[in-house]
Peer 1: 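My questions will all concern the structure given below.
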Amino acid sequence: MDIRKVIFWRDNWRSPPPLTTAPFLPEAHTSGWPWWLPRLAFVLFIAAVITLLALSRQAEHDEQRATLISDILWLEQNLSFQFVRNEEQLSRIPPQAARQASTFDPYARSLLDNGSGMRAVLWLGTDGAVGQSLPATGDLRTKDDAYRLANSLGRAVYGAPYQVGDGWWFKVEVPVYQDGALAGMAVGVYSLSRLLESSIPWWLAERYRVVIADSTGKPLAARSKVEAPLSDDSYELALDPPGYGLSIQAYPYRQPSPLTGQLLSGSLIALALLVLWSLWALRRHVQRRLAAEHALRQEYAFRQAMGDSLQTGLRARDLTGRIVYVNPAFCAMVGWSAEELVGRSPPMPYWVVEELDATRALHDSILAGKGPEHGFEIRFKRRNGEIFPALIHEAPLIDALGKQTGWMSSIIDISKQKRAEELARQQEERLQATSRLITMGEMASSLAHELSQPLAAITAYNAGCLNQLASGSSETSEIEDALRKSADQARRAGRIIRRIYEFVRRAEPKSEPCNVHALVEEVVALVENDARRNGIHIQTHIEAALPEISGDRILLGQVLLNLIRNAIDAEREVTSERRRIEIDVQRDGGYVLVRVFDHGCGIAEGIASRLFEPFFTTKAEGMGMGLNICRSVIEGHHGRLWFEGQPTGGTVFSLRLPIDSP
Ligand code: ADP
């Protein structure tokens, strides 16, 4: 792992927070109580503002209505006073004054001029005829119901309204008595429109449109400002007197809202909008922060997971050499927990006590930036006291600002690797020893086998010569012939020795391209004589175009040799017609499979499990090392050696060797 340059994403990585909680989502947090509380407060605030505005409008409306009612009541009262006053004044007209216009008119004029609302004043005689009239008007019904009623009741009586031209009029008839007898009837004629004009002061006219309507609601007279719009509100009061279903109605003009109210409403709405905007801005801000935090956490979790899942130990130290971070792999390696290691300064608990000085010197040179560039090996101690070799690479630790804040190390426990190397070395040594053993054994046994025949021949020729000489025969030609043949046998013995020596001399185990086909044929050629002597026929079936394997052809040849020799030995004990050995070589997937079939005595069940044991033999002169060594050699080539019984009797020994040796 290349950690030449390690950049941490945050400065304060010394004590990373444990990620016990799952990374949160912004949505989840915006639904927690800190979020619904301001929302609720805002909704309540808006509700309060709306209520306040509604209440304020309602109060304003109520106040306007109260003013309207009191104004209309005041108007109605004013009219009542006016009517009563007019009745009073009408009743005061002396009957003598009503006899002539010159005396009547001043009374009448004073009544008409003082804003009484009357259009005309009349005097009716006891016969009901118009005595006086100001102004003169002919459009009057006299001696009507009102006249009779007033006369009979002895008090003022109002008549029903009637239309004159565009306007509507009504009259009041007031009986005037003299000496207890009716002297005449003073009549005041009101015009509804003039009545409204005279009785409604300007300030009232500014506020309301005042209408006098009949019992059906039809307006008979009105006073209004033409240009002003009306509000929906209105108030109606019965106009009695004169009665007859007349009513007085007031329609307020639409008033602009008071400035303070407008200001209040406006500022409340502005405030609400401000609160809404600030809440929205706050929400956006917090959401951005949460998203950033979320991304940061995920990034951190990812890096943490990377650090945690690494098989390589990681250790960070600050510039003073104090440990500031260790990953779980390092903790597992040395046996101390992160809590125990973080914050520790040298000497570290995992330093080997006997090598403290050297370790300290190395530590100081690393901190000084003079550590080994390409990593180094060191021995560390586990908590249980076990010492293990570690491979360390150091790299400067750079923070986000590009400043070095310490040193980062990757630590690999190479004890297994070392053990494997040691094992491989031992295996190699064993293989070499085995090889030597086989070489010597095979050389001895081959020599014994191969030399026995020429030696026996030499002995026989020698004995023949001696016999000839002892018998005094002078047939030198026979002796010469015997000696030549003896010399031939001796030369043959020499060739055998050379050949065997040639075969075994390359005793070093090698890994070289090895043609199995050629190897089998070479070995078969070596044992063929021996086999033939025992009446055994060797048959080979070798698949064409077999790939080469990689291995030591001398050792592999010796394995084959041993298997064939064992097969020959086994067939010695059976009848001659069964004496046949088949060697079958073929490709089997990624392997080459070599099988040696014999039809010999077979392997008894009781000894099958012991064949590969060293020194196990059933032969009188056997060493019992052959199969044991063979298996070592095959396994040394990453192959397998095994045997099976043949159904027809005999045994098949199989060996499988990988084509691509690892
Ligand atoms: P050795 O040949 O010196 O006895 P080996 O390890 O080669 O040692 O063989 C061990 C024993 O396995 C032999 O003594 C023999 O009993 C048995 N054996 C090996 N090969 C065969 C075979 N092809 N048929 C029957 N028995 C066998």
Peer 1: Take Val121 and Val189, measure what side chain to side chain contact (heavy atoms under 4.5 Å, CB included) needs, and give me the verdict at the end.
Peer 2: CA-CA 6 Å; Val121 177; Val189 180; over 6 Å; no
Peer 1: So, taking the atom named CD in Gln132 and the one named CH2 in Trp123, what distance separates them when rounded to the nearest 0.5 Å?
Peer 2: 10.0 Å
Peer 1: Could you tell me whether Asp413 and Arg382 have a side-chain N and a carboxylate O separated by less than 4.0 Å?
Peer 2: yes
Peer 1: Ion pair present between Arg288 and Glu293, side-chain N to carboxylate O less than 4.0 angstrom?
Peer 2: no
Peer 1: Indicate yes or no: at least one non-hydrogen side-chain atom of Tyr177 is less than 4.5 angstrom from one of Pro175.
Peer 2: yes
Peer 1: Just verifying a value: how many Å separate Ile269 CD1 and Leu276 CG, rounded to the nearest 0.5 Å?
Peer 2: 13.0 Å
Peer 1: What do the steps show when you test Glu339 against Arg344 for salt bridge (charged side-chain N to carboxylate O under 4.0 Å, His left out), and what is the final call?
Peer 2: CA-CA 10 Å; Glu339 289 73 32; Arg344 289 288 288 255; over 6 Å; no
Peer 1: Going by heavy atoms in the side chains, are Arg283 and Leu279 under 4.5 Å from each other?
Peer 2: no
Peer 1: Are the charged groups of Lys171 and Glu173 less than 4.0 angstrom apart, N to O?
Peer 2: yes
Peer 1: Does Arg289, at its CZ atom, have more than 12 non-hydrogen atoms belonging to other residues, nucleotides or ligands within less than 6.0 Å?
Peer 2: no
Peer 1: Enter the distance from Leu52:CG to Leu55:CG here, rounded to the nearest 0.5 Å.
Peer 2: 6.5 Å
Peer 1: Do side-chain atoms of Glu340 reach the backbone of Ser337 as a donor and acceptor pair under 3.5 angstrom?
Peer 2: yes
Peer 1: Leu246 versus Pro241: any side-chain heavy-atom pair under 4.5 Å?
Peer 2: no
Peer 1: Determine whether a donor-acceptor pair (N or O, by modelled atom type, separation under 3.5 Å) exists between the side chain of Arg223 and the backbone of Ala205.
Peer 2: no
Peer 1: Is there a side chain to side chain contact (heavy atoms under 4.5 Å, CB included) between Leu397 and Trp407? Walk through the geometry before answering.
Peer 2: CA-CA 5 Å; Leu397 189 61; Trp407 292 90; 5.7 Å; no
Peer 1: Under 3.5 Å, is there a donor on one side chain and an acceptor on the other for Gln58 and Asp62?
Peer 2: yes
Peer 1: Would you please name every residue forming a side-chain contact (heavy atoms from CB on, under 4.5 Å) with Ala329, sequence neighbours left out?
Peer 2: Asn327
Peer 1: Do Trp74 and Trp203 have ring centres separated by under 6.0 Å?
Peer 2: yes
Peer 1: Can you say whether the rings of Phe83 and Tyr190 are parallel (under 30°), tilted (30 to 60°) or perpendicular (over 60°)?
Peer 2: perpendicular
Peer 1: Between Gln100 (side chain only) and Ser102 (backbone N and O only), is there a donor and an acceptor less than 3.5 Å apart?
Peer 2: no
Peer 1: Please check this pair: side chain of Arg65 against backbone of Ser234, looking for a donor-acceptor N/O pair closer than 3.5 Å.
Peer 2: yes
Peer 1: On a heavy-atom basis, which atom in Pro95 and which in Val176 lie closest, and how many Å separate them?
Peer 2: CG-CG1, 3.9 Å
Peer 1: Contact between Ile378 and Thr359 at the side-chain level, heavy atoms closer than 4.5 Å - yes or no?
Peer 2: yes
Peer 1: By side-chain contact (heavy atoms from CB on, under 4.5 Å), which residues pair with Lys218, not counting sequence neighbours?
Peer 2: Trp168, Asp214, Thr216, Leu220
Peer 1: So which heavy atom on Phe45 is nearest to which on Ala272, and how close?
Peer 2: CE2-CA, 3.6 Å
Peer 1: Measuring from Ile392:CD1 to Arg315:CZ, what's the distance to the nearest 0.5 Å?
Peer 2: 5.0 Å
Peer 1: Roughly how far, to the nearest 0.5 Å, is the CD1 atom of Ile411 from the CZ atom of Phe380?
Peer 2: 6.0 Å
Peer 1: So among Tyr325, Tyr350, Trp336, which one has a ring pair (Phe, Tyr, Trp, His ring centres under 6.0 Å) with Phe330?
Peer 2: Tyr350
Peer 1: Could you tell me if the side chain of Thr126 sits less than 4.5 Å from the side chain of Met185, heavy atoms only?
Peer 2: no
Peer 1: I'd like to know whether the aromatic ring centres of Tyr244 and Tyr162 sit less than 6.0 Å apart in this structure.
Peer 2: no
Peer 1: State, with a plain yes or no, whether a side-chain heavy atom of Leu239 is found less than 4.5 Å away from one of Ile212.
Peer 2: yes
Peer 1: Looking only at heavy atoms, what is the nearest atom pair of Val275 and Ser278, with distance?
Peer 2: O-OG, 2.8 Å
Peer 1: When you look at Arg303 and Gln298, which way does the side chain to side chain contact (heavy atoms under 4.5 Å, CB included) test go after all the steps?
Peer 2: CA-CA 8 Å; Arg303 281 166 192 271; Gln298 279 202 330; over 6 Å; no
Peer 1: Indicate the atoms forming the closest heavy-atom contact of Val326 with Ile323, along with that distance.
Peer 2: CG1-CG2, 3.8 Å
Peer 1: Calculate, to the nearest 0.5 Å, the distance between atoms CE and CG belonging to Met118 and Leu195 respectively.
Peer 2: 10.0 Å
Peer 1: For Glu87 and Tyr158, work out which heavy atoms get closest and say how close.
Peer 2: OE2-OH, 2.6 Å
Peer 1: Is the shortest side-chain heavy-atom distance between Thr405 and Pro396 below 4.5 Å?
Peer 2: no
Peer 1: Within a strict 4.5 Å, meaning less than it, do heavy atoms of the Tyr107 and Leu111 side chains meet?
Peer 2: no
Peer 1: Shortest non-hydrogen contact from Lys381 to Pro349?
Peer 2: CE-O, 3.8 Å
Peer 1: Can you find a side-chain donor-acceptor pair between Gln249 and Tyr251 that sits under 3.5 Å?
Peer 2: yes
Peer 1: Would you check if the side chain of Thr103 reaches a backbone N or O of Ala97 as a donor-acceptor pair within less than 3.5 Å?
Peer 2: yes
Peer 1: Would Leu75 and Ile200 count as a side chain to side chain contact (heavy atoms under 4.5 Å, CB included) here? Give the steps.
Peer 2: CA-CA 7 Å; Leu75 179 63; Ile200 294 177; 3.7 Å; yes
Peer 1: Going by atom types only, do Ser345 and Arg322 share a side-chain donor-acceptor pair under 3.5 Å?
Peer 2: no
